[in-house]
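Let me give you the structure first, and then I'll get to my questions.
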Amino acid sequence: MANENLNTTASTESQSTSTEDPTSEPLVEQSISVDSERSHTTANADTVIESRNLDVYYGETQALQGIDLAIPENQVTAMIGPSGCGKSTFLRCINRMNDLIDICRVEGELTFNGKNVYDDDVDPIALRRRIGMVFQHPNPFPKSIYDNVAYGLSVQNMDVDVDAVVEESLKKAALWDEVKDQLDKSALNLSGGQQQRLCIARAIAVDPEVILMDEPASALDPIATSKIEDLIEELAEEYTVVIVTHNMQQAARISDTTAVFLTGGELVEFDDTNKIFENPDSQRVEDYITGKFG
Amino acid sequence: MATPGREIDWAGETGQVSRLRGVAFELACLAAVGVALVSVLVLLLYVATDALRPFSADPGWHLVFFLTLVVPTLGTAVYFYRLEEPAGEVAYATTGLPVVGILFAAALAVVLDIELVTALELFALLVATLVAAGIVVVHGRYRPGAALERLGVVVAAPVVTVFGVPPVEVIRALNGVLSLIGLPAVSGARLPSLRELILLSPVAPLEWILVIVSVTIPVAGALGLFVARRRENRRDGLAFVGGAVAATLLAPVAGPLLGIGSTGWVLAVTFCLLPPAVYVEGVVRRNEGVHGLAFPLVLVGGILLGAVLVRQFGFAPPDSWLDWQFLTSAHSRTPEDAGFYPPIVGSIMLLIVVAASAFPVGVGAAIYLEEYAPASGLSGKFVELVEINIGNLAGVPSVVYGLLGLALFIRAINMPSGAVIVGGLAVGLLILPIVIISAQEALRAVPDSHREAAYGMGATRWQVTRSVVLPQAIPGILTGTILAVGRAIGETAPLLMIGAAASVRLAPNSFSDQLPAMPRQIFAWSSNLEPEIRHGVLAAGVVTLLVVLLIMNGTAILIRNKYQREL
Ligand SMILES: Nc1ncnc2c1ncn2[C@@H]1O[C@H](COP(=O)(O)OP(=O)(O)OP(=O)(O)O)[C@@H](O)[C@H]1O
Ligand SMILES: [Mg+2]
């Protein structure tokens, strides 16, 4: 890949910035001590997405404050935090879905493979073709299952064997066996869990580098949820996955790295998942994880 | 578990909550419904009695048709309604589709009959369009990357094949402008289009053959594609097209036999037989409400049986004003000879102009306002202002639109007073706000989550609109437009303002001819000196207009129901 160089520079940069981070976060007193460890965890994978001092405003209200984090390649990164703390906002910054909201304003830097996605010469549509997204509520189009999966291929004018890609994507999304006989049936006849896996299949059909998932299992029952979780872990072998979740166990089970946002739109802690759940630096994070604060 | 001894204050004589006000309110609302229904029904009955004169028939005639037609159809209708709702829907559709088909076929037959468009012109247009489409497709196949070049081809191909270089219309418009500023008209060599070359051909096949090629085959092809897709079998689709063409080829025999002519037969098969056939096939395959198919049979069987019996017993039918003669002749001073044909044709042509002008403009405006216009900031406020004013325009009295038409089209750009095109454009302006608003509503009903999903896949705004928003919004847009157009054909005031003639003897055969329109003719009859015209003929006209409106609204409802079920 031609991006390899960029990646390494980005990751070294991320290390240097992450050493500076905590000092700019006065609320987290003890985070300096984790520093060495954090650079340790991020160092064993290349950084794909990195934000530096990212502020997001909706009109006058600020939704995110000076976010610095680096998302490692081919791993699962979880974002947790109470409702309204800006997790979705951050996710939507990465593929510039926020552009669709008129009043949304982004300041600071957010790089993907070392290039700031908010540079003037970036085409958000081309960017979204590299970064797939799965939403909180399953949102298949009212078209056939086949057409849903093939949608990205057709909008991106991809010159591929559509049948093969549809089959492969549905297999990767662990849905093929359930729908292979009804590919031309409406996707709306599927159950909620099946619909969500269909949306994942739709996202991976165009072979993006990163998949963003905003609470992909929040509308599903435990069985469907566990299927999606297995799926996410498998996807992480090929893709970089960023997932927002309200489910602590889920974050602990499937993610390699976890970011904890707290009310007011600040990133309080960003570290190895085990570290966050076993021995968080910040008392607020510990309270949040153990359910004393939310 | 109730604790013994505790007083129960929620049952028994003293434990009732007073509902007096609620009951009174409910009754008042019910009374309002009653008043509305009764007044409309009385009006309709009154008009229908005047137009059809049912009491001029023998009582036996009524009895026969009551027994053969009314009882069986009402019985099956009630049965479907109570016990088999899907069958009821099927019954509704299988009865309605042929009726709509007849209307379509009749409209096209009239268009061909008055030579508004000849069969050869239709054929030439079709061939030219196909060639243009072919060029675009081939270009896309060989140079898939060249987007700008493709745009050029998309514009240029139809110009070359359909319009000619330079298009006649452009020359005419240019000459119009030149003559306005006093310069001599230009006339130079021009390259005729493929369409014009076909029209020059000295020999042409018979009309009905041309109609098969240019109407039946496209319609059957589209339906056949649908059949093939649904049955996942190419051969079935081809068989369908083959069968359709075979049925139309019976034209030289069947047409004259039925008295509708060869072309009439071809049109009847294309519009009254093919769509119902596809629908019936779907019903049978899904095995859903198959019993509903019996309804049209009961209806037609009842009519035929009744007709035979009536003739057998020699019962006289009612001498109604609304009969074949009424539908096929022009206004006359003698009530018996007075007819409605020119106004019917005029109203159809008016509809064409209204739909062709209001639909693209209205839907385009709605798409811009919903999908593209900024929602915030100063420009967002401006858009909001525009939307509010479109809402206000929908309430502007129709006379004002007539005045606008008069000022704009007749005074400013010198169109002929009282012409079809002027009337159509004025009424088109009148319904434009309604079309915009209903199209906006249909677009708004498409969930944002679908738009987000598409944007998230890296779709451009145009792709989102075309492949996600429009397919879902089209049924709603169509429903709204049909209802609005239905309102348009009943409009009288704008036609008075643009100087539509009271009675026109000859059906118009071009868009710049004098416009006879149904409501205008009805209005003229209302002040006729002959009482039989004022009461009988006028009522027949009103009933005709109402039937057309009813059919249009029924179609709109059918589209809406189908769409809601699929969702
Ligand atoms: N379209 C919008 N317009 C205005 N404010 C918004 C918009 N979207 C989000 N916000 C605000 O931004 C803040 C962060 O919202 P966001 O949706 O990112 O939270 P979240 O962490 O995803 O919450 P949840 O867990 O409930 O999904 C909230 O205070 C919210 O009110
Ligand atoms: Mg959220």
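Quick note on labels: first sequence line is chain A, next is B, and so on, each numbered from 1. As a basis for the values below, the full set of heavy atoms in this structure was taken, side chains included, without hydrogen atoms, waters or symmetry mates. Keep in mind it's a predicted model, so treat the numbers as computed, not measured.
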Query - Side chain proximity check, Ser449(B) to His137(A), heavy atoms < 4.5 angstrom - result: no
Report summary line: So, the part of Asp184(A) with a heavy atom under 4.5 Å from chain B: the answer is side chain
Report task. Give me the contact list for residues 364-375 of chain B versus chain A, heavy atoms only, anything under 4.5 Å, ordered by residue number. Result -> Pro374(B), Ala375(B)
**Report entry** Heavy-atom pair with the smallest gap, counting every atom of Ser467(B) and Lys143(A)
**Finding:** O-NZ, 2.7 Å
Query - Part of Pro140(A) lying under 4.5 Å from any heavy atom of chain B - result: backbone
Query raised in the report: To the nearest 0.5 Å, what is the distance between CZ (Arg202(A)) and CE (Met457(B))?
Result: 6.5 Å
Requested in this report: Return yes if some donor-acceptor pair links the side-chain N/O of Gln463(B) with the main-chain N/O of Gln156(A) below 3.5 Å, else return no.
Outcome: no
Query raised in the report: Picking from Leu100(A), Asn95(A), Leu127(A), which has the most non-hydrogen pairs under 4.5 angstrom with chain B?
Result: Leu100(A)
Query - Residues in residues 164-175 of chain A that sit under 4.5 Å from chain B, counting heavy atoms only - result: none
Query - Partner residues of Phe141(A) under the ring-ring contact (aromatic ring centres under 6.0 Å, His included) criterion, sequence neighbours left out - result: Tyr151(A)
Report summary line: Sorted by chain and number, sequence neighbours left out, side chain to side chain donor-acceptor pair (under 3.5 Å) with Arg96(A) holds for Asp99(A)
Query raised in the report: Does atom CG of Leu385(B) have more than 12 heavy-atom neighbours, drawn from other residues, nucleotides or ligands, at distances under 6.0 Å?
Result: yes
